[in-house]
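Positions are given from 1, in the same order as the sequence printed here. In this text, all values refer to a predicted model and were calculated from it rather than measured experimentally.
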Amino acid sequence: ALSSLDSLKNHEANYTLYLRYLALEGFGNLKKLENFISGLSAEQSTSSGGLVVLYKWSVFKGDYEKAEDYLNDLDDKFDSPKDMTAVDHFFRAQVLQDDDPAEAYKAYQRAYKKDANNYRFRVLAAHHCATYYAMNYAEEEFNAVLKKNPNQADALAGLADLQFQNNAL
């Protein structure tokens, strides 16, 4: 049980690392973002979260060759998708979402299948589908969350947004 707790802490640290990157990127403070990237430890840089951060940073800078290297490093971390955790699949979806939306959706699906109690992966899958105009899939994903928890705010808001978009079209 203790090793699974350590594993959970590692996944939370990876996820927090990624969220911190997204927040800094969203604020548009390039200097803080550069400091964040240069301050990554060796351990962080080779974690799945760190590799995704470095991948996104490389794409942001236009260094697609380096981004491809980070993507390959991420792929090399796992022998097969069975070895990947839900958070690892989530990271994989983040990397694939722009270049291969269908494969990214599959990664989201693997994430929520690995952690069926975590509705966030399914909500993110729904938003991903909506972003790429796969409204039927998005609606199915939101409804699957609401079937388990009819008051889940993210899914309710996402479904309402879909309905608004459908009526606006």
Side-chain angles (χ1 to χ4, degrees), residues 7 10-28 30 33 36-37 40 44-146 152 154-155 157-159 161-163 165-166 169:
S7 176
N10 287 338
H11 295 305
E12 287 177 0
N14 275 325
Y15 191 64
T16 301
L17 184 72
Y18 178 67
L19 291 178
R20 188 163 174 218
Y21 171 82
L22 289 180
L24 290 170
E25 183 184 58
F27 287 129
L30 196 55
L33 195 52
F36 172 70
I37 296 296
L40 292 176
Q44 288 173 320
S45 296
T46 57
S47 69
S48 54
L51 289 170
V52 172
V53 164
L54 292 169
Y55 168 84
K56 288 206 167 272
W57 175 245
S58 297
V59 169
F60 179 78
K61 292 188 320 181
D63 189 350
Y64 300 106
E65 190 173 310
K66 191 69 175 167
E68 187 69 26
D69 289 343
Y70 290 125
L71 181 59
N72 290 334
D73 289 346
L74 185 63
D75 286 340
D76 291 345
K77 288 185 72 63
F78 309 103
D79 292 331
S80 75
K82 292 178 185 174
D83 297 334
M84 296 171 72
T85 66
V87 173
D88 293 329
H89 286 294
F90 162 76
F91 286 140
R92 185 85 175 114
Q94 294 300 294
V95 168
L96 293 170
Q97 67 186 1
D98 293 330
D99 293 331
D100 192 348
E103 193 58 39
Y105 179 55
K106 290 176 188 174
Y108 280 119
Q109 289 176 312
R110 287 190 290 271
Y112 65 69
K113 287 177 182 172
K114 284 273 187 175
D115 188 355
N117 294 324
N118 189 338
Y119 70 88
R120 288 179 185 88
F121 297 126
R122 198 154 213 163
V123 168
L124 290 167
H127 284 295
H128 172 76
C129 291
T131 299
Y132 292 96
Y133 304 103
M135 302 306 190
N136 290 340
Y137 288 114
E139 186 174 356
E140 287 175 21
E141 296 295 352
F142 285 131
N143 282 327
V145 172
L146 293 171
Q152 206 297 309
D154 294 330
L159 195 56
D161 186 48
L162 278 182
Q163 289 171 350
Q165 289 179 39
N166 284 336
L169 300 174

**Item:** Euclidean distance, Gln165 CD relative to Gln163 CD, rounded to 0.5 Å
**Value:** 11.0 Å

**Request:** Side-chain contact test, heavy atoms from C-beta onward, threshold under 4.5 Å: evaluate it for Phe90 versus Val52 and give yes or no.
**Result:** no

**Point-to-point distance, once rounded to the nearest 0.5 Å, from CG of Asn72 to OH of Tyr55** = 10.5 Å

**Request:** Measure the spacing between CG of Leu159 and CG of Asp154 and express it to the nearest 0.5 Å.
**Result:** 12.5 Å

**For Arg20, side chain to side chain contact (heavy atoms under 4.5 Å, CB included) partners two or more places apart** = Leu24, Phe36

**Request:** Supply the atom-to-atom distance Leu33 CG to Leu22 CG, rounded to the nearest 0.5 angstrom.
**Result:** 10.0 Å

**Complete:** Looking only at heavy atoms, the pair that brings Ser45 and Leu51 closest together is O-CD2, 3.4 Å

**Request:** Measure across Phe121 and Tyr108 and return the closest heavy-atom pair with its distance rounded to 0.1 Å.
**Result:** O-CD2, 4.0 Å

**Asked** Regarding Tyr112 and Glu141, is there a side-chain donor-to-acceptor distance under 3.5 Å anywhere?
**Response** yes

**Asked** Does Lys66 make a cation-pi contact with Tyr70, if we ask for NZ or CZ under 6.0 Å from the ring centre and within 45° of the axis?
**Response** yes

**Item:** Contact check, side chains of Leu71 and Arg92, non-hydrogen atoms, under 4.5 Å
**Value:** yes

**Item:** Closest non-hydrogen atom pair between Leu17 and Gln44, with its separation
**Value:** CD1-NE2, 3.9 Å

**Asked** At their closest point, which heavy atom of Ala125 faces which heavy atom of Tyr105, and how far apart are they?
**Response** CB-CE1, 4.1 Å

**Message:** With a 3.5 Å distance limit and no angle check, can you tell me whether Asp88 reaches the backbone of Thr85 through a side-chain donor-acceptor pair?
**Reply:** yes

**Complete:** Sorted by chain and number, sequence neighbours left out, side chain to side chain contact (heavy atoms under 4.5 Å, CB included) with Glu103 holds for Leu96, Asp100, Lys106, Arg110

**Request:** For the residue pair Trp57 and Tyr21, categorise the inter-ring angle as parallel (less than 30°), tilted (30 to 60°) or perpendicular (more than 60°).
**Result:** perpendicular

**Message:** Could you check whether any side-chain N or O of His89 sits under 3.5 Å from a backbone N or O of Gln109, counting only pairs where one atom can act as donor and the other as acceptor?
**Reply:** no

Return all side-chain donor-acceptor pairs below 3.5 angstrom for residues 129-138, not counting sequence neighbours, or 'none' if the list is empty.
unit_1, atom_1, unit_2, atom_2, d
Thr131, OG1, His127, O, 2.8
Tyr132, OH, Gln97, O, 2.6
Tyr132, OH, Asp98, OD1, 3.3

**Distance in Å, Thr46 OG1 paired with Asp76 CG, rounded so as to fall on 0.5 Å steps** = 12.5 Å

**Prompt:** To the nearest 0.5 Å, what is the distance between CG (Asp73) and OG (Ser48)?
**Reply:** 12.0 Å

